[in-house]
Novice: 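Below you'll find the structure I mean.
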Amino acid sequence: MPTHHPDDATLASAVAAMMPEARRELAELVSFRSVADPAQFPPQECERAANWVADALRAEGFRDVALLDTPDGTQSVYGYLPGPAGAPTVLLYAHYDVQPPLDEAAWTSPPFELTERDGRWYGRGAADCKGGVIMHLLALRALRASGGVPVGVKVIVEGSEEQGTGGLERYAEAHPELLRADTIVIGDCGNFQVGRPTVTAVLRGMTMARVTVRTLEGNLHSGSFGGAAPDALAALIRVLDSLRAADGSTAVDGLAADEVWPGTAYPEEQFRADARVLDGVELIGSGEVADRLWARPAVTVLGIDCPPVVGATPSVHAQARALVSLRVPPGTDPAEAAKLLASHLEAHAPWGARVEVEATGEGHPFRADTDSPAYTAMATAMAAGYDGAPMEITGQGGSIPLTSTLAGLYPEAELLLIGLSEPAARIHAVDESVSPQELERMSVTEAVFLREYARSVGTDAG
């Protein structure tokens with residue numbers, strides 16, 4: 001087990017002293033309704049969040065701070081903090097855009113107002129990933145207060161990660177030197193459970209598709225035409241149902257769905273508790289839970305355009321539309337998966353219904369090299385941040401599209417994925433929250449990691 005360094009306590013004390021200010025800053029960040037979709041929220045909300053991050057970097061002494069206009073119409077924030085001569089460079093990543101709040105009335109407290117309750121801080125983006133921005137700032141501040149930052153640091157805070165529109169990926173490909181680093185820390189994952197420090201070694205990729213079904217030139221009265229006129233909504237339901245086998249397993253024609261996860265197991269009872277599955281409701285799919293989450297594809301219907309129950313009229317529908325997400329494990333090309341998904345949706349349309357499939361987003365899967373020197377430094381750091389608890393290595397079902405782009409651009413760089421999005425955070429759901437204890441511990445962990453990583457290559461600013 002890694003041993004504690006005398007400086008660990010100094011870094012921990014520095015972070016602890018900064019937590020009240022960290023809460024205030026996170027509250028400011030959460031207050032920006034920075035959903036990167038102008039159809040839902042004004043673009044000015046994202047601009048305000050981006051400027052907040054840029055100002056925070058300038059206050060920490062970063063140079064070359066810039067708002068990068070990415071090809072998808074959003075802005076990512078960049079800054080560079082030079083390190084001591086000969087020191088390695090570490091890239092720290094987070095994103096300031098957030099998922100929409102869903103039904104704001106369903107939140108226990110307002111989604112864009114950071115609220116403390118039951119020992120957690122609630123608000124959209126508190127964990128995913130505005131909390132990650134604060135984590136990076138705390139780690140750097142603790143090092144500055146304890147002798148200096150021993151590495152060069154680049155920070156990139158994305159503005160459209162949740163939308164999957166690929167703006168920062170394309171910008172990075174067009175400016176390959178900008179984000180080059182010896183090690184990259186992606187602060188957009190989380191621990192397996194609160195108090196169990198975790199590095200994520202596998203991310204599933206993702207493809208998204210909008211499927212439209214048409215059957216009639218216009219809606220018809222269901223009393224006059226129902227029973228013979230083909231209903232587009234019913235046809236769409238059948239098409240979507242074909243994406244799953246009887247046990248709920250993903251069943252896209254031609255897509256393998258039988259891989260096995262070789263690492264840390266995910267006990268079913270723990271998963272049921274983490275996912276808050278209702279009593280008596282079965283889990284879907286086959287194989288171990290970890291297989292289903294980290295080694296196999298997973299299809300999800302994200303939304304359907306159809307009339308709401310309130311105000312519905314007795315009509316046979318001429319058109320219906322859905323948004324479908326397909327997560328794919330490492331080893332599966334998301335572009336090929338997108339073709340298979342489109343072919344499947346078209347082939348399973350009943351009654352000759354016309355089906356159109358439009359690809360709307362894509363992210364590549366990722367698998368890390370866990371034997372690299374940076375992982376040794378992170379194991380030491382996690383033990384320091386978590387009172388000797390060992391570092392765990394798991395997968396994650398979610399996608400972070402930029403990760404694979406960076407791995408391709410900088411094959412010599414080491415990539416580590418950490419963060420604040422443990423199961424209790426309920427990211428993307430109503431009542432998202434962050435544990436302040438996790439924020440404090442992970443900030444200490446990152447500070448110790450930067451120190452240990454600098455020492456591993458023979459440099460030390462402190």
Side-chain angles (χ1 to χ4, degrees), residues 98-109 111 117-128 162 188-196 198 200 202-204 206 208 237 240-252 255 257-304 309 322-329 392-399 419-435 438:
V98 297
Q99 285 285 336
L102 304 174
D103 181 4
E104 294 197 33
W107 284 67
T108 305
S109 51
R117 188 169 64 252
D118 302 324
R120 298 183 68 92
W121 297 345
Y122 288 80
R124 176 58 89 221
D128 183 26
E162 298 292 7
D188 192 24
C189 288
N191 291 338
F192 192 47
Q193 284 184 305
V194 169
R196 293 175 65 178
T198 306
T200 299
V202 166
L203 295 173
R204 285 192 295 203
M206 175 186 67
M208 293 177 62
I237 291 170
L240 298 177
D241 182 61
S242 73
L243 294 169
R244 293 191 183 278
D247 66 358
S249 299
T250 293
V252 175
L255 187 63
D258 57 359
E259 294 297 316
V260 175
W261 172 252
T264 301
Y266 200 156
E268 181 171 331
E269 287 308 307
Q270 180 184 334
F271 177 81
R272 291 183 67 89
D274 290 343
R276 306 175 80 175
V277 180
L278 299 179
D279 290 345
V281 177
E282 300 176 2
L283 301 187
I284 61 172
S286 60
E288 298 297 324
V289 170
D291 300 338
R292 291 173 249 180
L293 295 180
W294 305 327
R296 297 178 182 177
V299 69
T300 305
V301 178
L302 302 181
I304 299 178
V309 172
L323 184 64
V324 177
S325 164
L326 178 63
R327 306 278 182 171
V328 294
E392 300 191 45
I393 299 175
T394 66
Q396 180 170 292
S399 305
L420 304 170
S421 298
E422 37 75 28
R426 300 192 68 204
I427 64 169
H428 295 199
V430 167
D431 283 349
E432 177 184 347
S433 68
V434 69
S435 161
E438 290 289 272

Novice: Of all the heavy-atom pairs spanning Val430 and Ala106, show the shortest one and how long it is.
Specialist: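 Of all heavy-atom pairs spanning Val430 and Ala106, the closest is CG1-O, 3.5 Å.
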Novice: Any chance you could measure Glu162, atom CD, to His428, atom NE2, to the nearest 0.5 Å?
Specialist: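 Atom-to-atom, Glu162:CD and His428:NE2 are 3.5 Å apart.
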Novice: For Cys189 and Thr198: C-alpha separation, side-chain torsions, deciding distance, then whether side-chain contact (heavy atoms from CB on, under 4.5 Å) applies.
Specialist: CA-CA 9 Å; Cys189 288; Thr198 306; over 6 Å; no
Novice: Hey, does the side chain of Arg327 reach the backbone of Thr300 with a donor-acceptor pair shorter than 3.5 angstrom?
Specialist: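 Not at all, since once roles are kept as given, no pair shorter than 3.5 Å links the two residues.
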Novice: Looking only at heavy atoms, which two atoms of Ala322 and Ile304 are closest? And how far apart?
Specialist: CB-CG1, 4.1 Å
Novice: Are any non-hydrogen side-chain atoms of Glu432 and Trp107 less than 4.5 angstrom apart?
Specialist: yes
Novice: Could you report the tightest heavy-atom contact between Trp121 and Ala126, atom names first, then the distance?
Specialist: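 Here Trp121 and Ala126 meet closest at O-CB, 3.8 Å.
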Novice: Within this structure, what is the CZ-OG1 distance for the pair Phe192 and Thr200, rounded to the nearest 0.5 Å?
Specialist: 10.5 Å
Novice: Donor-acceptor pair, distance only, cut-off 3.5 Å: does the side chain of Gln396 make one with the backbone of Arg204?
Specialist: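 No, Gln396 side chain to Arg204 backbone: no donor-acceptor pair under 3.5 Å.
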Novice: Can you find a pair of side-chain heavy atoms, one from Met208 and one from Leu302, that are under 4.5 Å apart?
Specialist: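 Of all side-chain heavy-atom pairs linking Leu302 with Met208, at least one is under 4.5 Å.
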Novice: Might you point out which heavy atoms bring Arg272 and Leu278 nearest each other, and give the distance in Å?
Specialist: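 Of all heavy-atom pairs spanning Arg272 and Leu278, the closest is NH2-O, 3.3 Å.
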Novice: Using the rule given for side-chain contact (heavy atoms from CB on, under 4.5 Å), can you reason through Leu243 versus Thr250, listing the C-alpha separation, both sets of side-chain angles and the distance that settles it, and then say yes or no?
Specialist: CA-CA 6 Å; Leu243 294 169; Thr250 293; over 6 Å; no
Novice: Once rounded to the nearest 0.5 Å, what's the spacing between atom CG of Asp247 and atom CG of Leu283?
Specialist: 11.5 Å
Novice: Tell me whether Asp291 contacts the main-chain N or O of Trp261 through its side chain, where contact means a donor paired with an acceptor under 3.5 Å.
Specialist: yes
Novice: Would you say the side chain of Asp128 lies within less than 4.5 Å of the side chain of Val98, judging by non-hydrogen atoms?
Specialist: no
Novice: Identify the heavy atoms of Ala127 and Ser421 that sit nearest to each other, and give their distance.
Specialist: O-OG, 3.6 Å
Novice: Working to the nearest 0.5 Å, report the span between OG1 of Thr394 and CZ of Arg196.
Specialist: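 The distance works out to 9.0 Å.
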Novice: Atom CD of residue position Glu392 - does it have more than 12 heavy atoms of other residues, nucleotides or ligands inside 6.0 Å?
Specialist: yes
Novice: How many angstroms lie between CD1 in Ile427 and CD in Gln99, if you round to the nearest 0.5 Å?
Specialist: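 So the CD1 of Ile427 and the CD of Gln99 are separated by 8.5 Å.
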Novice: Taking all non-hydrogen atoms of both residues, which atom of Arg124 and which atom of Ala429 are closest, and how far apart?
Specialist: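 Closest pair (atom of Arg124, atom of Ala429, distance): NH1-O, 2.9 Å.
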Novice: Could you grab the distance from atom CH2 of Trp294 to atom OH of Tyr266, nearest 0.5 Å is fine?
Specialist: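 Output value for this atom pair is 7.0 Å.
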Novice: Kindly indicate, with the supporting measurements, whether the criterion side-chain contact (heavy atoms from CB on, under 4.5 Å) is fulfilled by Arg426 and Arg276.
Specialist: CA-CA 10 Å; Arg426 300 192 68 204; Arg276 306 175 80 175; 2.7 Å; yes
Novice: Run the side-chain contact (heavy atoms from CB on, under 4.5 Å) test on Phe271 and Arg292 for me, step by step, so that the C-alpha distance in whole Å, both residues' side-chain angles and the decisive distance to 0.1 Å come before the verdict.
Specialist: CA-CA 12 Å; Phe271 177 81; Arg292 291 173 249 180; over 6 Å; no
Novice: Is the side chain of Glu288 donor-acceptor paired with the backbone N or O of Ala290 at a distance under 3.5 Å, no angle test?
Specialist: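 No, the answer is negative, given that no donor and acceptor are paired below the 3.5 Å cut-off.
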Novice: Go through the side-chain N and O atoms of Thr108 and Asp431 and say whether any donor and acceptor fall under 3.5 Å apart.
Specialist: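 Judged by distance alone, the side chains do pair up.
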